[in-house]
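Encoded as structure tokens, the structure appears first; notes follow it.
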Amino acid sequence: MGVITDTSWMIGGPQGSGVDSSATLFARSMAVAGYWVYGKREYHSNIKGAHSYFHLRVKTTPVRSHIDPIHLLSTFEDSTAEIHAHEIVAGGALIYDPSVTKPETLEMDASVKLFPIEFETIIRDLAEELGKPAAKLAIVKNTIAVAASLALYGVGLDVLEEALKGLFRGKKAGLVGVNLAAGKKAYQVIQSVEGWDTFAYRLAPQTNKPEPNSRLLMNGAAACGIGKLKAGCRFQTYYSITPAVDECIWLEQQTEYGIVVYQAEDEIASINMANGAAYTGARTSTATSGPGFCLKAEGIGWAGMNEVPTVITNYQRGGPSTGLPTRNEQGDLLFALNIGHGDFPRIVVASGDMEECFEDGFNAFNFAERYQTPTILLIDKALANSTQTIPKFAEKHLRIDRGQIVGAPESFNPEDPATGLPKFNRFKVTESGISPRSLPGTPGRIHFLTGDEHTEYGVITEKPEIRIAMMDKRDRKLHTAAREIPQDLQFKLYGPEQADITIVGWGSSKGIIIDALDELKAQGVTANYLHIRLMSPFPAEKVAEILTNAKKTMIIESNFSNQLAKVIKMETGITIPHHVAKYTGRPISQCEAVSAVQEVLTKNSRKVMLSCGH
Amino acid sequence: MGVITDTSWMIGGPQGSGVDSSATLFARSMAVAGYWVYGKREYHSNIKGAHSYFHLRVKTTPVRSHIDPIHLLSTFEDSTAEIHAHEIVAGGALIYDPSVTKPETLEMDASVKLFPIEFETIIRDLAEELGKPAAKLAIVKNTIAVAASLALYGVGLDVLEEALKGLFRGKKAGLVGVNLAAGKKAYQVIQSVEGWDTFAYRLAPQTNKPEPNSRLLMNGAAACGIGKLKAGCRFQTYYSITPAVDECIWLEQQTEYGIVVYQAEDEIASINMANGAAYTGARTSTATSGPGFCLKAEGIGWAGMNEVPTVITNYQRGGPSTGLPTRNEQGDLLFALNIGHGDFPRIVVASGDMEECFEDGFNAFNFAERYQTPTILLIDKALANSTQTIPKFAEKHLRIDRGQIVGAPESFNPEDPATGLPKFNRFKVTESGISPRSLPGTPGRIHFLTGDEHTEYGVITEKPEIRIAMMDKRDRKLHTAAREIPQDLQFKLYGPEQADITIVGWGSSKGIIIDALDELKAQGVTANYLHIRLMSPFPAEKVAEILTNAKKTMIIESNFSNQLAKVIKMETGITIPHHVAKYTGRPISQCEAVSAVQEVLTKNSRKVMLSCGH
Amino acid sequence: MATKQQQLPTLATKVKPFQLKSEKPIDWCPGCGDFGIVNAVQQAVSELGLVPWKVNFFTGIGCSGKSSQYLQAYGVHTLHGRVLPYALGSKIVNPDNVVLAAGGDGDGYGIGGGHFLHAGRRNVDITYIVFNNEVYGLTKGQASPTLEVGMQPKSLALPHISQSINPLALAIAAGYTFVARSYSFDAKHLKQTIMAAIEHRGISLVDVHQPCPTYNDLHPKEYYSEKVIENGTEMPRVYYLDDTDYNGVVADSTDAEAVNAKKIEAIERAYKREERIALGVYWKIDMPTYEDRLQSVIPALQGTSPITIPFHDEDMIPTTDLSYAYEEFLV
Amino acid sequence: MATKQQQLPTLATKVKPFQLKSEKPIDWCPGCGDFGIVNAVQQAVSELGLVPWKVNFFTGIGCSGKSSQYLQAYGVHTLHGRVLPYALGSKIVNPDNVVLAAGGDGDGYGIGGGHFLHAGRRNVDITYIVFNNEVYGLTKGQASPTLEVGMQPKSLALPHISQSINPLALAIAAGYTFVARSYSFDAKHLKQTIMAAIEHRGISLVDVHQPCPTYNDLHPKEYYSEKVIENGTEMPRVYYLDDTDYNGVVADSTDAEAVNAKKIEAIERAYKREERIALGVYWKIDMPTYEDRLQSVIPALQGTSPITIPFHDEDMIPTTDLSYAYEEFLV
Ligand SMILES: Cc1ncc(C[n+]2csc(CCOP(=O)(O)OP(=O)(O)O)c2C)c(N)n1
Ligand SMILES: Cc1ncc(C[n+]2csc(CCOP(=O)(O)OP(=O)(O)O)c2C)c(N)n1
Ligand code: SF4
Ligand code: SF4
Ligand SMILES: [Mg+2]
Ligand SMILES: [Mg+2]
């Protein structure tokens, strides 16, 4: 009996048919069983009908990436098997509905085990038992497909029950029963198929089971949202756009925290409302994706000029233009670094995994307020929409840093309004570049803001000497930030210090490459991974040092032009000789990362283009 | 008696008081006298009252830059002398109104010659002679200040008369007389001052006088507009903004040519209307400046994705944000190169002088249509607003290139509408990356456009293999352009092949640095100048070759962060070790350029910051 | 300025609606109102006998925005909220094409609100069809500007706390010269309304009530076919202005007083509070178009159009004589 | 939802208008109407006894936009066309401040047209003053959206070929709850109108006719002080709604029918064709503000405001308990 510790499962179907909830149920079940899960979601820019799928990987140890082969493909309609059957490995399995799928017509390895399930029959039986119309029960198809998979993997019904309870809470608790009943029937069907218990990819039982409720099953969008909540974000503006809208709607639901989520008339209103609110003193952010990010260019420049601490989360998706609106890309790096006309400081952070999404969501406000400058978070769609089991976030080490905010001066006498009127040098020229800030409403600290060049008091000026002082002052903040931001928030080298090859990357590739390091090691290659997180101010010196000392360097990015490689070249002059790029909108898999490294090592390829995945 | 061949003249006053027209009259007069003129205009973001001035340089040979010292300062009110008197060189002169200016209170070299003019008296006398109310004649102050200057420079009254005739044509011809009469009186006053004819900066008569009407006295905005007209531009959209509005209003006045200039409700409408019109087949452009350019980001990306030939002129001004809205900067290079999310090809050209503005304004449409991609022209305010005498533009070598436009297919039969319906592979994957284009209205060539990734027919797709083919195809166009665009439109090396130092620059610095080369030579320094004009596709190889072979390299830019140096580093890996930057919003003068080069040569300074000018 | 006759490019042999279907498979949700609208457009184009390759169909981004991919004509899927600028730019340079624009209520009245307003001021001869489903369909059901305050379709996390706009009243106030309402499942009325809008010379707005069965559970198809009680009697929800004594057409556009009075009447009609929904033309006036006015200030455009004026010869030598432009600069 | 009383932050000792002048020298053209508007704002703030440091003055970009630099209060010179988003964002997070917004007609009705429309839908409690001079002053006199079709002020190269908007009618249609017109050189009326607008709880629009002597030669100061012949008698150009029997105030905002009728009446008044110019309040209705509605859907905001809810302790340790947020994710 084959048991393994790492498996790859997929479920698919037309959009709107419940693929997402099936995947969530499956992931929850596996998590309840103590496994670690990583799931990636692929869907079209369509509401109903187009093919979508969820690809889940389950391991006995933490997992951060998907692999391309499928061990078990679970389907409940005709299209998924047609599209994905050829990806099932030898000895893998297919769960299908024999009334719509004819295995003999599929392009598929001959050794794939077949598990036909007559969905209609199960539903009909169930309907009879419960005395409900069968049409009302159609939705349990999803549960059946999941339960059948669990049976095959050797996961018990108790786990399914627990997972269903976690999923259907409060008003929805009534749904547990019927779904469980359907699940039971699916178990029976599977267990009636000959050889079901010798499935080659049956999972090894989890021996090192984490404490129940000690982990989170979460995606990057929610992780970032939670980070923002923890930071005290009280105003988030947005205009609906995939995939940024997920974070916004999630935050809107958190009514307990008093956060106002404002659906503005467009992204221009969003950024400028955010600027207005951030200036006023609320911790404020706005979230968007490429097309909306374009529209924020002018507002971001204004925040830079006026030293207003607005946080902007840009969820990157396939560009250019409307592009591949529901697909992955790391295509906005150069744009984010240069958005807005003229020179002004900005902080740009790119998160690499759930923990970074949470921490960066939190830190962004500290950076923005401490350095009084717009702070852009880059999160790619693969991270935003992927689900992962992770330990609960560490929170103890977190501190709020509001930077220099001053209250009323001592000279203020509430009895004498005139003492509340004096002007305040909000833009004082200081060595750090950071000036004390007062919030509107504070007596004795009246000042002006203007996108025009201005004096210390915020008064418009065109005087060359003030211009120079102010440009220099604003720029110094970035140098201060570069000095102060802890190095491990800037970049990190994963794997051995010395390696045959150093892989450079950013964003969602982090988990994939880290997982690939293990696989490479197993294949006899020592590789390490330089993960870059702080894009502005860019840690040029340290990065240069690491790259200069590396034996061989390569970069992996999910964009066409290898934008990070360009940034590194611009900042350090160093040319990374081997570029791996993926721009199909599908995230890189662990397998792809491994073979790209091997190709660079063995063939010395200068350019490797990846294209796995539908 | 001192005669010179190169002089620096200035007139100033509150905005709205006629400084501009005075300067134009002076420049025209000098041009009529056969001299060459370069004039730079400095003004506040204000309509009336703030100090503005026009700085003109007059030479017996062509001139492309200003110098900082003033030989003759002409004033008709109190503020200008107060602000600028200290800039007058020893032996220079001041024309002033003794009723408002007291020379003894001015910070000024003792040797400056004084020419008091009682403006009120002249105007009163004139009013009496003409029987008009004096108040109606106040405006001739400007002419008086100009005429007095001409007298001092030794330029005859006949020249003034000719210039006035050129200025006041058609309905305004009646104004020639009164202005000439005022001018005559100014001549008399000057010639009554002792020693007027021994003024140290009296101009040498122009012996090598160009043919009358063989030259243009023009600024960069008009030069670009003329280039667009010549190219057949038929639709220009804009939203008012300094300094781009000048080109637009000028084009609007050219009703003879049938060009439609559309003042849209904002810059977003401008770019997208332009896209709509360019797609439809009219040669179309839009013009803007920094804040408006921000708003065009999304539309530019759409044009890139849909291979629509829209031309965008971005008149750079002091940023960030509203910045120094009427001042100079070369601050939008990195933004232009990276504007819009995701990767798409764009052509970016930066014009360096009047001729380049004209040619680039013309070529932009050829590039846009041949490579079917948005084409961005960068012109800096110093170029847009400076006046210069130049030979009439060469036009003979110009050719229109509309790229691949196809008409109805042979299969089309006007009798049978069905033959007009077939779809057309507008986005055919070709080796050059360029696909045949059909304009709406063409039978048998129906196709779709969409900002989503699309098939050859323009149908939305999310298929990885098509995505790859299309990204690659679009990118290839840029390689084709890099191969095809003539090298002298990409960059040019001015001065000797071999030099002690190679200066790199772009935009309006061209004229200044070329003028500086002469001065440096006189000072014993051999320098040459690498002028970069095509920013995307960037001529990386050739530039790298020149820089690698150069003895020593430095760069001069009018922006804070030396953006071109960054681009060069990103594109070639080469670090230019000496950076000269000016970011006060005032253009670089020839003197500053010369001394910056000297400072680099003598002190080996890594960073030189320039700050001359009010 | 006298108003001119509409001249549409037509065929001797009309194409059939099925010939106007593109190959692209439609991927709207089953039961979506969008189907009805695209069908009506195909039928209108067919019935008017328009030359399909002279039809230029611009759409925004959203479920509705995909429509341009489904009509076999020159179709341009633009940017979210920007369909009007595209359509205007295209029509101004080439008035020979028939320009149709369409998009969602979020697209047109939300992010596109500024363009919506200003397009009314120009009166360029285009037809603009808005798919009004009260939600942002393609981004999964957030409120659009036509969703009434206090409502909460199932896709909203919290009840809606912004007031809705009245697109018809706004359009009339903004200067649109043809303003109508229709309903996506009233095939005949919708087709006829679109035809009338295309035939109208000037900018036409057709606001189409469009059920979104996936996100808008407040106003499904059933809502529109329900009977409502009015003055004690059962009446169909949907009825026609043509069956009432309301007439929104301005008889004489030169009588400024009368035009003004009619405009107020039309706005009042648009604001009328009723359980029922009145389909039809709320407002129509014949006025000079932007194209007409352009020709009056730019004589060089008379009898021609921006795209038609030649600028090069057969050898691609530019033919534009710059003398006129040079004049002011010569020295 | 019942409407609440306006509560403004006031001082026992009012500051004098001169104390509200900032040090920045004003650089408008001599005779510009803008002077009158800034004076009126200073006087209104003084007379209402507002706490100056709780006054947050947001302005757009243009000649008008410079105003925020001239009032000694927290002043924010925003971006062209974006003054409303700034003002709204600021007010929503801190309702304790008095938020004033101001800008040009190009700024507000042109590029800001979309925000102008949508701000009406929210009814956030701010006051918005528009400097209506029919031109783009700071960019040298191009047409603004209030310039009538066919007009050609001296700064225009060609006659204007787009129709103008009627800002009052649009604002009423868009949902503004206080809509008034005033004139920059009618110091008393303007001051009083601005005061009433500030006192109004909800979004107020004050459209101010403002002569631009430099570019708008059609409507100089003299135009406004001219007499016009009406029904055969000489009458002053400018008059007051208060002196007529028109009353734009909605008495009972819960009577939907009556509100609707009044709204139509107000729009009609705004469109009234006359040589004369009627100053005053065209429309006023008391309705729940956006802030009120927020509190109704987000209980955590009741009795507090976004900026007031604490999120850290004295040692800057975050105090937000994430348990509630974590719940759905725990496994
Ligand atoms: C600038 C920009 N912002 C946001 C989006 C995301 N987006 C796509 S469709 C859509 C809304 C669609 O709603 P609507 O216009 O009402 O059309 P419907 O789907 O309801 O037909 C949005 C916000 C985008 N594509 N571009
Ligand atoms: C995005 C953007 N576009 C254009 C401009 C240029 N601009 C500055 S002021 C102005 C117009 C001013 O007109 P208006 O709003 O009517 O104000 P006024 O000067 O008449 O008071 C414009 C277009 C800008 N600053 N930003
Ligand atoms: S989401 Fe709504 S509008 Fe979009 S296709 Fe589905 S039903 Fe139609
Ligand atoms: S240009 Fe007009 S609006 Fe601007 S300051 Fe001068 S007069 Fe006032
Ligand atoms: Mg919609
Ligand atoms: Mg204005």
Side-chain angles (χ1 to χ4, degrees), chain A residues 28 31-32 166 213 215-218 222 226 229-232 234-235 237 254-258 260 262 264-266 268-269 272-277 279-282 284 298-299 302 389 392 395 398-401 417-418 420-421 423 440-443 445-452 459-460, chain D residues 11 13-15 19-20 22-24 51-54 56 58 61 66 68-69 72-79 82 84-90 92-94 96-97 114-115 117-118 294 297-301 304 306-307 309-312 315-318 320 322 324-326 328-331:
Chain A
R28 274 210 156 254
V32 167
N213 289 340
R215 294 179 303 162
L216 305 167
L217 176 65
M218 177 175 279
I226 291 197
L229 273 188
K230 187 77 189 176
R234 288 294 176 260
F235 194 50
T237 59
Q254 311 307 311
T255 50
E256 305 292 304
Y257 298 97
V260 173
Y262 188 102
E265 59 271 24
D266 61 22
I268 299 180
N272 291 308
M273 287 184 77
N275 285 346
Y279 148 75
T280 302
T284 301
E298 195 193 8
W302 189 92
T389 39
K392 262 192 184 174
E395 296 181 35
L398 300 174
R399 291 295 173 279
I400 301 286
D401 183 352
L421 286 171
K423 61 184 188 172
T442 315
R445 304 285 191 196
I446 287 176
H447 64 268
F448 303 108
L449 262 61
T450 170
D452 284 65
V459 170
I460 297 172
Chain D
L11 291 168
T13 324
K14 295 180 179 179
V15 294
Q19 291 179 294
L20 291 167
S22 81
E23 279 177 18
K24 162 102 181 138
V51 181
W53 49 91
K54 293 210 167 187
N56 221 333
F58 293 88
I61 298 285
K66 294 182 181 176
S68 59
Q69 296 253 316
Q72 189 62 8
Y74 281 88
V76 185
H77 188 217
T78 70
L79 287 170
R82 314 305 169 196
L84 284 174
Y86 278 89
L88 264 47
S90 180
I92 291 172
V93 299
N94 189 356
D96 285 347
N97 287 336
H115 309 307
L117 205 69
H118 289 283
L294 263 182
V297 296
I298 306 179
L301 282 174
T304 179
I307 208 174
I309 304 174
F311 56 95
H312 61 81
D315 300 321
M316 303 313 277
I317 296 173
T320 305
L322 292 178
Y324 175 83
Y326 274 154
E328 60 183 295
F329 303 112
L330 285 177
V331 287

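Just so it is clear: chains get the letters A, B, ... in the order the sequence lines come, proteins before strands, and each one is counted from 1.
- Closest non-hydrogen pair, D:H77 versus A:D452, comes out as CE1-OD1, 3.2 Å.
- Residue with the most contacts toward chain D among A:P443, A:G232, A:A282: A:P443 (heavy-atom pairs, distance under 4.5 Å).
- Contact of A:V32 with chain D is not made at all, since no heavy-atom distance falls under 4.5 Å.
- Of the listed residues A:M218, A:K230, A:Q254, the one with more heavy-atom pairs under 4.5 angstrom with chain D than any other is A:K230.
- Looking at A:A274, there are no atoms closer than 4.5 Å to chain D (heavy atoms on both sides), in backbone or side chain.
- Between chain A and the options D:K14, D:R82, D:K54, D:Q69, the largest number of non-hydrogen pairs under 4.5 Å is found for D:Q69.
- Counting heavy-atom pairs closer than 4.5 Å to chain D, the top-ranked of the candidates A:G299, A:A222, A:P417 is A:P417.
- For the atom pair A:L398 CG and D:T320 OG1, the distance stands at 10.5 Å (nearest 0.5 Å).
- Applying the side chain to side chain contact (heavy atoms under 4.5 Å, CB included) rule to A:E256 yields the partners D:Y324; only residues at least two apart in sequence or on another chain are considered.
- Contact annotation: the side chain of D:Q19 approaches that of A:L421 to within less than 4.5 Å [non-hydrogen atoms, C-beta and beyond].
- Side-chain contact check for A:I226 versus D:L322: some heavy-atom pair is nearer than 4.5 Å.
- A distance-only check finds no donor-acceptor pair linking the side chain of D:Y86 to the backbone of A:A277 [under 3.5 Å].
- Between D:L84 and A:M273, the closest side-chain pair of non-hydrogen atoms is not below 4.5 Å.
- For the options A:T442, A:D266, A:V260, heavy-atom pairs under 4.5 Å to chain D are most numerous at A:T442.
- Among D:T13, D:V15, D:N94, the residue with the largest count of heavy-atom pairs under 4.5 Å with chain A is D:T13.
- Side-chain contact between D:W53 and A:I446 is present, with heavy atoms from C-beta onward closer than 4.5 Å.
- Ranked by heavy-atom pairs under 4.5 Å with chain D, the first of A:I400, A:I460, A:L449, A:T280 is A:I400.
- Considering every non-hydrogen atom in both D:Q72 and A:K423, the closest pair reads NE2-N, 3.7 Å.
- For A:T237, no part sits under 4.5 Å from any heavy atom of chain D, backbone or side chain.
- For the ring-ring contact (aromatic ring centres under 6.0 Å, His included) test, residues two or more places apart in sequence or in another chain that qualify with D:Y74 are A:H447.
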